[in-house]
Amino acid sequence: MSARAVVPVALVLLTALPVLALCVGQALGLHLGLHRGRRGVRRADAPRAGAWTWSRRAVLVGALAVVGLTPTVASTQAGGARVGIQLWFVVDRTGSMAAEDWGPGDDVVRAPGLDPVPAVQRLDGVRHDVVALTRDVPGAFYSVVAFADEAGTQLPLTDDATAVRAWAQTVTQEVTAGSAGTSRDRALDVLERSLQDAHDRDPGMVRLVFYLSDGEQTTEVDEPGSFTRIAPLVDGGAVLGYGTAQGAPMRVFDGTVDLDAPYIPDPDDPSRPAVSVADETALREVAAELGVPYVHRDGPTSTADLVAGVDVEAITADGRTDLSTRRDLVWPFALLAGVLLAAEAWTWARASSRLRGRR
């Protein structure tokens, strides 16, 4: 049992405690007077009635104070939480995702909503797969968390699949001049907050996380953060890897689309382009931490098998659809207060009647 405190606790205490102390003090005083009356100081029957009256008033004050605090008890409604699927796309937008080693390199048929384009950049693979997965899981809720030099929610949870496709059509790599290196755990904190908020709001939902990256780690850190801490919030999904072990160059991006932009130069030898190499070992580690499979994506193939094994009924059989709420438990105390108020009114009416009779 806990208190919802409809009336501020401080106000309840400031109001009830002085009155309660007065009632208890009067009841104790009259009780002591009763014992003195037995020794002949005063009649025993008169103070006995007064002590009962003040005791009753003390209980009334206590009951009203409890009503003000509004006690609640836990209540569980079986199957009360709504059930559905929520998809998170965690997308790597760092410069390495512009490396040109994904897909066949010629025009390919893309998912609905995307025009055929030369599928060579790793980010082209991300665009294809995000749209395809959205199509494979219709009627779900979708969210996009992207990371580059910083991480942020690009698209809050929405059931608008068109918004996901629009994001995929417009997503670009980070501006090359503002690049701060790659860290595979950069989106971890943002993703954790988003998953936890969704869990707290809709505990009955099935949460799928798709992490799309080349796994390259270029920032100097002793040990990247582990995704193990969010694994309990994840029911499925996959880590999707892009790029090759041979690597490929990346073009400079200044915020405008330029298909003939120069390649990013190698810091050690500016006469030749820098080469980004995919790190599948790192991606497999992320997949193991999340408890989901790792899948290498080397072309615009179907993604349906990535969500074919999602069984909502089996996943939600763990009791997560039971809706836990708190129910006010005011009526017993309100009923007690009503009875005591009726007794108080009856006492006053009886005393007034006796007074009129004496007059």
Side-chain angles (χ1 to χ4, degrees), residues 83-94 97 102 122 125-138 140-147 151 153-155 157 164 168 182-199 202-217 223-243 278-299 301-318 320:
V83 177
I85 298 178
Q86 297 172 334
L87 269 71
W88 273 263
F89 298 107
V90 185
V91 177
D92 185 350
R93 289 184 51 248
T94 55
M97 292 298 288
W102 178 85
R122 297 170 185 174
V126 170
R127 294 188 184 98
H128 173 275
D129 290 348
V130 166
V131 174
L133 284 167
T134 304
R135 180 193 59 210
D136 293 335
V137 190
F141 292 84
Y142 316 96
S143 179
V144 177
V145 175
F147 65 96
T153 299
Q154 302 272 297
L155 187 67
L157 273 174
V164 182
T182 303
S183 179
R184 67 176 186 254
D185 65 343
R186 189 158 287 158
L188 181 55
D189 291 339
V190 174
L191 178 61
E192 181 178 25
R193 288 194 298 270
S194 182
L195 287 169
Q196 189 63 60
D197 289 346
H199 172 271
D202 291 307
M205 289 288 185
V206 173
R207 292 171 294 278
L208 309 180
V209 172
F210 290 91
Y211 182 95
L212 302 88
S213 174
D214 55 22
E216 189 177 48
Q217 178 86 22
E223 186 68 28
S226 174
F227 286 78
T228 304
R229 74 191 203 209
I230 65 172
L233 299 171
V234 178
D235 297 306
V239 172
L240 307 183
Y242 303 84
D279 188 346
E280 290 192 86
T281 300
L283 293 173
R284 287 191 174 91
E285 290 179 1
V286 173
E289 291 168 356
L290 286 172
V292 299
Y294 167 70
V295 180
H296 182 241
R297 300 289 295 166
D298 56 4
T301 55
S302 172
T303 57
D305 57 334
L306 298 176
V307 292
V310 177
D311 187 338
V312 174
E313 292 186 2
I315 295 175
T316 57
D318 58 2
R320 70 176 64 190

Under 3.5 Å donor-acceptor, [X] side chain and [Y] backbone:
X      : Y      : value
Tyr211 : Arg184 : yes
Ser143 : Leu155 : yes
His199 : Val234 : no
Arg93  : Val91  : no

Could you tell me whether Asp202 and Arg207 have a side-chain N and a carboxylate O separated by less than 4.0 Å?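 A salt bridge is absent here (no side-chain N lies under 4.0 Å from a carboxylate O).
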
[X] versus [Y], closest heavy-atom pair with distance:
X      : Y      : answer
Leu306 : Phe210 : CB-CE2, 4.2 Å
Asp279 : Ala282 : OD1-N, 3.1 Å
Arg122 : Ala278 : NH2-N, 3.8 Å
Val292 : Ala238 : CG2-CA, 3.8 Å

Please identify each residue that fulfils side-chain contact (heavy atoms from CB on, under 4.5 Å) with [X], with sequence neighbours left out.
X      : result
Ala198 : Gln86, Trp88, Leu157, Arg201
Thr301 : Arg297
Ala304 : Asp136, Ser302

Tell me yes or no: between the side chains of Tyr242 and Asp129, is some donor less than 3.5 Å from an acceptor?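 Per modelled atom types, Tyr242 and Asp129 side chains form a pair under 3.5 Å.
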
Hey, can you tell me if Trp102 and His128 have their rings parallel, tilted or perpendicular (30° and 60° cut-offs)?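 Because their plane-to-plane angle lies in the 30° to 60° range, the rings of Trp102 and His128 count as tilted.
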
